[in-house]
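Remarks on the structure that follows.
Atoms considered below: every heavy atom in the structure, side chains included; atoms not considered: hydrogens, waters and symmetry mates. What you see is a predicted model, and the numbers here were worked out from it, not measured in a lab.
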Amino acid sequence: MKHRLMVLITVTCGAVIQGYAMSVFLFPHFIPSGGAGGIAVLLNFWFGLPLSFALWLVNFLLLTTAINWLGNASALGTMYAITITSLSIHLFDLPLFQMAKNVWLDLLIGSLILGCGIGLLLRHGVSNGGMGVIALITAKYRKIPPGKPLLLLNGSIFILTASIIDWHIVLQALICQWISTKMVDLLFELPGPFQSKKWKIANPWRKK
């Protein structure tokens, strides 16, 4: 029971941290934080789907994949994390937290904070939504940290949407992904009291 409570607290903190990074540092400069947003833009461009519905549809389909491959517990954890993240984005969107800043400084700070939030979630087998689901599946079956597949997936989508999004936005998104995924791998490999027991047993590369 104590371990489950610690996991719940850690996942909640990770989701809040992720929402804070998005709302305060990245979204004010229109920097996409992941590949799901890029896919939503493509669906909007090709089929005219509203961005809000397209983003929900992408996450719903990927969450269905999480149920099939990662189990019900991971899917429920992902749903919880997505909900907390959305509430956090709404909270930190208040004028109290918003201010005009330098885009490159915000990009650096926001990417580091975003990586910390995602890393806390992935350490417990909980996806942050979007491409994090596929990254977790890849990490589980190839026995590798999830940061590298997350960077590859999101980077490919950002390049694909370059004809729709301004090139400097895509460049900033790729830099954001590179920095945040480095933080993801750092936290994912770091031993500590909040380490998921499931991953400690399941991933033999930790013993090397």
Check Leu105 against Asn102 and note the closest heavy-atom contact, atom names and distance. N-OD1, 3.0 Å

What closest approach, in Å, do Ile113 and Ala21 show between heavy atoms, and which atom pair accounts for it? CG2-CB, 3.7 Å

Provide the closest heavy-atom pair for Asp106 versus Leu26 in the form atom of the first, atom of the second, distance. O-CD2, 4.4 Å

May I have the step-by-step check of side-chain contact (heavy atoms from CB on, under 4.5 Å) for Tyr20 and Leu91, ending in yes or no? CA-CA 9 Å; Tyr20 174 73; Leu91 172 64; over 6 Å; no

Looking only at atom types and distance, does a side-chain atom of Ser23 sit under 3.5 Å from a main-chain N or O of Gly19, one as donor and one as acceptor? no

Nearest 0.5 Å, what's the SG-CD distance between Cys116 and Gln18? 11.5 Å

For Leu122 against Val184, the heavy-atom pair lying closest together: CD1-CG1, 3.7 Å

What distance separates Arg123 CZ from Thr10 OG1, expressed to the nearest 0.5 Å? 8.5 Å

Gap between atom OG1 of Thr181 and atom CG of Leu153 - 0.5 Å precision: 11.0 Å

So do Thr12 and Tyr80 actually touch side chain to side chain, heavy atoms under 4.5 Å? yes

Let me check something: do Leu114 and Leu152 share a hydrophobic cluster, defined by ILVMFWY side-chain heavy atoms less than 4.5 Å apart, either directly or through other members? no

Residues in side-chain hydrogen bond (donor to acceptor under 3.5 Å, both in side chains) contact with Gln172, at least two apart in sequence or another chain: none

Using side-chain heavy atoms (C-beta onward) and a distance below 4.5 Å, is Trp104 in contact with Ile175? yes

Taking side chain as C-beta onward, heavy atoms only, is Val58 less than 4.5 Å from Leu43? yes

Rounded distance [0.5 Å steps], SG in Cys176 versus CG in Leu171: 11.5 Å

Flag the pair Ile39 / Ile157 as yes when at least one side-chain heavy-atom distance between them is below 4.5 Å, and no otherwise. yes

Between Thr85 (side chain) and Ala15 (backbone), is there a donor-acceptor pair under 3.5 Å? yes

Please give me the minimum heavy-atom distance between Ala81 and Val11, naming the atom from each residue. CB-CG1, 4.4 Å

Working to the nearest 0.5 angstrom, can you tell me the gap between Ser111 OG and Met183 CE? 10.5 Å

Starting at SG of Cys13, measure out to CD1 of Ile84 and round the result to the nearest 0.5 Å. 10.5 Å

